[in-house]
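Written out below as structure tokens is the structure these notes cover.
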Amino acid sequence: MTNRNTFCKAERLCSHKVIEALFAGGNKSFSAYPIRAIYMPIDLNEGSGKQGAAVQLLISVSKRHFKHAVDRNRVKRQIRESYRLNKHSLLSSLPEGKGLALSFIWLSDEHFPTDVIEEKVKKLLNKLEETINAEQS
RNA sequence: GCAGUAGGACGGCUUGUCGCUGGUUCACCUUCGGGUGGGCGAGAGGAAAGUCCGGGCAGCAAAGGGUACUCCGCUUCUUAAUGGGAAGGAGGCCGUGAGGCUUGGUUCAUGCAGAAGAAAAUAACCGCCUGUUGGCGUUAGCGUUUACGCUGUCGUUUUCAGGUAAGGGUGAGAAGGUAAGGCAAGAGCUUACCAGACGUGUGGUGACACGCGUGCUGUGCAUACCGGAGGCUGAAAGUUCAUGUAUACCGGCGAACAAACGAGAGGGCGACCCGCCCGAGCCGGAGGGUAGAACGAUGGAGACGUAUGGUGACAUACGUUCUGGAUAAAUGACAGGCAUCCGUUCUUCGGACGGAUACAGAACCCGGCUUAUAGGCUUACUGCUUUU
């Protein structure tokens with residue numbers, strides 16, 4: 001099976017409920033500057049009707065860090081591309097029927113080159129994978 | 001050629017790999033809602049920004065009158081409309097110039113304007129001038145015994161009466177300004193020029209301009225008055241479907257049950273007065289559910305071209321043409337090539353290397369305004385300079 005590097009609607013975190021639960025507190029987080037990751041396990045089977053993807057991602061860049069919409073969009077796009085190209089390892093390590101709500105939060109006031117951001121995203125995804133594997137065993 | 005003024009239009013192109021959001025078509029799957037995959041084609045701006053005006057649209061029953069309130073205020077035109085735009089007019093300021101900036105309804109009535117100033121409006125404190133009372137000096141004449149007295153001249157001082165707005169530390173503003181004549185001294189007292197007001201004639205749709213006449217002439221602010229505009233909210237408006245279901249229960253008020261007359265709780269038309277409207281439920285207690293989807297929502301005062309009218313903004317007619325539509329929010333990421341500009345260097349045709357390519361991202365839709373903006377393009381005009 002060849003992995004396709006997609007990032008469609010189902011892979012985005014859109015539900016108000018899940019987002020509120022994610023940011024309500026008590027969920028684990030770690031950071032690789034300038035990005036902080038927050039995640040929460042979700043059960044894919046309980047949702048009725050249509051199903052989302054196994055991992056749903058939210059990218060957040062605050063107005064506090066970048067005043068102009070152009071700068072915020074630039075950072076979001078960089079992070080999204082990094083995730084899109086490196087997500088498969090994480091997806092394959094997830095057990096059947098278990099999902100993940102994940103958010104990346106930008107922490108810096110400055111722009112970074114795309115290759116640096118990709119390194120950081122890779123680092124975060126690896127750590128996430130390790131954590132999940134440790135919880136399972 | 002250099003520097004500048006006022007507009008106008010543009011504001012990167014392209015290849016590859018991997019993606020995102022709509023549209024359309026084909027295949028497959030389907031719980032008939034749709035889903036997956038392939039093909040084709042589309043996918044940010046001149047400001048998308050600020051949210052400063054205006055309009056459409058939607059809801060408030062309809063969106064009525066007056067008052068109040070808020071905003072606007074040179075003229076004419078233009079636009080769906082505005083505080084926008086075009087053409088024009090007056091005053092002030094800046095620039096050698098092309099041009100730029102700025103101000104504007106009325107002043108009949110009422111009030112205020114200092115611990116400044118002589119005085120803040122039918123102005124005499126000082127000053128200036130005339131007359132007058134007394135003193136002193138001067139000198140001329142007369143009386144007379146050298147002294148002195150009387151009358152007068154001139155100067156100075158003083159008392160009183162009057163004239164006078166040329167000058168006086170102030171102030172935003174000082175009795176229109178400047179000059180000459182005039183006068184005892186002065187004054188629109190007279191004259192010339194200039195600024196304004198009023199009347200009048202001519203020109204202009206008009207703001208105004210020009211001519212003539214009348215010596216008619218203090219400033220600022222507030223109230224007031226005149227003309228015009230405005231009902232409120234704002235797409236998180238609002239409509240439908242799905243899920244869930246309960247106005248189930250308690251208290252108070254009331255209609256209907258009943259054809260007409262009548263009565264009507266409780267609300268609404270932003271404030272007040274009028275004039276009205278809705279109405280079978282409403283208010284309080286206690287308590288339950290959703291937070292998903294579709295519509296709204298993208299073809300419109302649309303864009304471009306031509307013709308006609310108009311100085312112009314713009315209008316009319318005809319023709320051509322137009323799939324961005326997201327919603328924790330698509331329109332991209334990376335790599336290369338080209339173009340333009342800048343720097344360094346070799347060289348002085350040109351090449352190499354390095355760097356830069358702005359401001360900035362639709363959120364219901366339009367029309368304006370304002371602000372940000374690398375870089376070059378273009379039209380008209382101005383100043384300086386060179387050549388002929």
Side-chain angles (χ1 to χ4, degrees):
Chain A
M1 171 183 167
T2 53
N3 290 325
R4 298 188 63 254
N5 301 321
T6 58
F7 187 72
C8 64
K9 184 75 178 289
E11 291 178 75
R12 296 175 205 181
L13 184 52
C14 301
S15 165
H16 276 271
K17 270 185 168 173
V18 177
I19 292 165
E20 276 174 25
L22 184 62
F23 287 104
N27 291 304
K28 295 179 180 172
S29 69
F30 41 79
S31 59
Y33 190 82
I35 307 170
R36 175 190 297 276
I38 302 179
Y39 69 97
M40 180 180 74
I42 50 174
D43 196 344
L44 290 180
N45 295 326
E46 72 179 9
S48 58
K50 59 177 188 178
Q51 281 195 332
V55 176
Q56 297 182 357
L57 178 67
L58 165 73
I59 302 166
S60 167
V61 181
S62 160
K63 220 177 216 174
R64 206 180 312 142
H65 295 303
F66 291 107
K67 196 179 154 198
H68 292 295
V70 170
D71 299 319
R72 293 196 294 275
N73 283 347
R74 163 80 181 161
V75 171
K76 282 182 188 175
R77 282 163 180 161
Q78 284 176 313
I79 297 176
R80 195 175 65 214
E81 290 295 309
S82 304
Y83 172 77
R84 185 171 70 78
L85 298 170
N86 297 287
K87 67 178 181 175
H88 294 293
S89 173
L90 175 66
L91 285 175
S92 58
S93 71
L94 278 174
E96 192 69 23
K98 292 287 179 186
L100 209 60
L102 178 66
S103 80
F104 287 139
I105 296 170
W106 189 255
L107 300 172
S108 172
D109 285 343
E110 291 167 4
H111 283 292
F112 283 75
T114 303
D115 52 351
V116 172
I117 292 177
E118 189 162 354
E119 269 318 297
K120 300 293 185 186
V121 169
K122 272 186 190 171
K123 208 169 155 186
L124 285 170
L125 289 176
N126 285 335
K127 192 163 179 185
L128 196 57
E129 206 176 327
E130 284 171 20
T131 317
I132 289 168
N133 288 335
E135 279 174 359
Q136 271 192 303
S137 58

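Source: prediction; values computed, not measured. Naming: A, B, ... by sequence-line order, numbering from 1 per chain.
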request  = Determine: side-chain N/O of A:S60 to OP1/OP2 of B:rA328, distance under 4.0 Å, yes or no.
outcome  = no
query = Roughly, in whole Å, what's the span from CG in A:N86 to C1' in B:rC18?
reply = 12 Å
inquiry  = Taking only the C1' atom of each, what is the distance from B:rG375 to B:rG46 in whole angstrom?
reply    = 16 Å
query = Which pair of heavy atoms, one from A:V61 and one from A:R72, lies closest together, and at what distance?
reply = O-CD, 3.5 Å
inquiry  = Tell me whether the rings of A:F66 and A:H111 are parallel (<30°), tilted (30 to 60°) or perpendicular (>60°).
reply    = parallel
ask   = Expressed as a whole number of Å, how far does the C1' atom of B:rC53 sit from that of B:rC71?
value = 11 Å
ask   = Can you find an N or O donor on one side and an acceptor on the other, under 3.5 Å apart, linking the side chain of A:R84 with the base of B:rC18?
value = yes
task = Using both distances under 3.5 Å as the test, list the Watson-Crick or G-U wobble partner of B:rU133, or none.
result = none
C1'-based separation of B:rC112 from B:rA172 [nearest Å] = 15 Å
Nearest-Å distance once atom C1' is located in both B:rA80 and B:rG105 = 28 Å
ask   = Rounding to a whole Å, what distance do you find between A:Q78:CD and B:rG19:C1'?
value = 15 Å
Complement of B:rA307, any strand, by Watson-Crick or G-U distances under 3.5 angstrom = B:rU316
request  = Tell which nucleotide pairs with B:rC18, taking only Watson-Crick or G-U wobble pairs whose two distances are both under 3.5 angstrom.
outcome  = B:rG332
inquiry  = On a heavy-atom basis, which atom in A:S108 and which in A:H65 lie closest, and how many Å separate them?
reply    = O-CB, 3.2 Å
key: Beyond-backbone contact of A:I59 with A:Y83, side-chain heavy atoms, under 4.5 angstrom   = no
message = Between B:rC101 and B:rU370, how many Å separate the two P atoms, rounded to a whole number?
response = 11 Å
request  = Identify whether the glycosidic angle of B:rG213 places it syn (within 90° of 0) or anti.
outcome  = anti
task = Measure the distance from CG on A:L85 to P on B:rG332 and round it to the nearest whole Å.
result = 17 Å
ask   = What distance, rounded to whole Å, do you find between the two C1' atoms, one in B:rA58 and one in B:rA236?
value = 14 Å
note = Whole-Å distance, A:H111 NE2 to B:rC334 C1', equals 17 Å
query = For the pair made of CD1 in A:I38 and C1' in B:rA328, what is the distance, rounded to whole Å?
reply = 14 Å
ask   = Where does B:rG33 land, syn or anti, given syn is within 90° of 0?
value = syn
query = With both distances kept under 3.5 Å, what pairs with B:rU164, Watson-Crick or G-U wobble?
reply = B:rG127
request  = Look at A:R74 and B:rA360 and indicate whether a side-chain polar atom (N or O) is within less than 4.0 Å of OP1 or OP2.
outcome  = no
query = Rounded to whole angstroms, how far apart are NZ on A:K76 and C1' on B:rA328?
reply = 7 Å
ask   = Is a salt bridge present between A:K127 and A:E130, judged by a nitrogen-to-oxygen distance below 4.0 Å?
value = no
note = Applying the 3.5 Å cut-off to both distances, the Watson-Crick or G-U partner of B:rU344 turns out to be B:rA352
key: Base-pairing mate for B:rG296 - Watson-Crick or G-U, with both contacts under 3.5 Å   = none
Chi-based syn or anti call at B:rA109, which uses purine or pyrimidine torsion atoms and a 90° bound = anti
note = Closest non-hydrogen contact found for A:V121 with A:I35 is CG2-CD1, 3.9 Å
inquiry  = So, does A:R72 get its side chain near the phosphate of B:rA360, meaning an N or O under 4.0 Å from OP1 or OP2?
reply    = no
Atom pair distance, as rounded to whole Å: CZ in A:R80 and C1' in B:rA329 = 11 Å
message = One pair to check against side-chain contact (heavy atoms from CB on, under 4.5 Å): A:I117 and A:W106. What are the steps and the verdict?
response = CA-CA 11 Å; A:I117 292 177; A:W106 189 255; 3.9 Å; yes
side-chain N/O A:H68 vs B:rA49 OP1/OP2, d < 4.0 Å = no
query = Syn versus anti for B:rG46, judged by chi lying within 90° of 0?
reply = syn
inquiry  = Suppose you measure atom C1' in B:rG64 against the same atom in B:rG268; what distance do you get, rounded to whole Å?
reply    = 15 Å
query = Between B:rA44, B:rA362, B:rC18, which nucleotide has the shortest distance from any of its atoms to the side chain of A:N73?
reply = B:rA44
ask   = According to the Watson-Crick and G-U wobble definitions, with both distances under 3.5 Å, which nucleotide is paired to B:rC269?
value = B:rG275
ask   = Where each residue is assigned the nucleotide of RNA chain B containing its nearest heavy atom, which of A:E81 and A:D71 is assigned the position nearer the 5′ end?
value = A:E81
remark   = Applying the 3.5 Å cut-off to both distances, the Watson-Crick or G-U partner of B:rC40 turns out to be B:rG23
query = Passes side-chain contact (heavy atoms from CB on, under 4.5 Å), A:T131 versus A:Y39? Steps please.
reply = CA-CA 11 Å; A:T131 317; A:Y39 69 97; 3.5 Å; yes
ask   = Is the glycosidic torsion of B:rG117 within 90° of 0, making it syn, or is it anti?
value = anti
inquiry  = Nearest whole Å is fine: how far is B:rU21 P from A:R77 CZ?
reply    = 14 Å
task = For nucleotides B:rG289 and B:rA271, find the distance between their C1' atoms and express it as a whole number of Å.
result = 39 Å
